[in-house]
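In what follows, a structure is listed as structure tokens, so that the remarks can point back to it.
These numbers come from the heavy atoms of this one structure, side chains and all, not from hydrogens, waters or symmetry mates. Everything numeric in this text was worked out from a predicted model, so none of it was measured.
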Amino acid sequence: LVGSEMCIRDRAKIYTSIRDEIETVLNKYSKYYNDEWAVVLAAGRYSSMRLQQIEGTDSSIDFFKKCIETQEKKNINR
């Protein structure tokens, strides 16, 4: 692989790992506090506000729409 392709693959692996670890932590908090709703709202608030600051409003909304579409199509975590 060319250097930039390797870098992209490495980043993708890192991002996937971070995502999976964060989801595990959030699931643990949901079970510990027995309040999935509160954890979901806290995580959503943090992610939406920070992403808007980093990427802007339109990109953030597009990202969340794609996440929702993926969930609806694949019934993830059901």
Would you say Tyr33 ends up clustered with Leu26 if hydrophobic residues are merged whenever their side chains have heavy atoms under 4.5 Å apart, either directly or through other cluster members? yes
With sequence neighbours left out, the residues meeting side-chain hydrogen bond (donor to acceptor under 3.5 Å, both in side chains) with Thr24 are none
Across all chains, not counting sequence neighbours, the ring pair (Phe, Tyr, Trp, His ring centres under 6.0 Å) partners of Tyr32 are none
Original post:
Hey, any chance Ile22 and Ile14 share a hydrophobic cluster, counting ILVMFWY side chains that come within less than 4.5 Å of each other, even indirectly?
Top reply: yes
Under 4.5 Å between side-chain heavy atoms, hopping through other hydrophobics if needed: is there a path connecting Ile61 to Leu51? no
Connected to Tyr46, directly or through other members, by ILVMFWY side-chain contacts below 4.5 Å are none
Ile68, Trp37: one ILVMFWY side-chain cluster at the under-4.5 Å cut-off? no
Residues 51-61 vs side-chain hydrogen bond (donor to acceptor under 3.5 Å, both in side chains), sequence neighbours excluded, gives Arg50-Gln53, Gln52-Thr57
Applying side-chain contact (heavy atoms from CB on, under 4.5 Å) to Arg45 and not counting sequence neighbours gives Met49
Please confirm whether the backbone N or O of Ala12 pairs with a side-chain atom of Thr16, one donor and one acceptor, at under 3.5 Å?
-> yes
Contacts of Phe64 meeting ring pair (Phe, Tyr, Trp, His ring centres under 6.0 Å) (sequence neighbours excluded), chain-then-number -> none
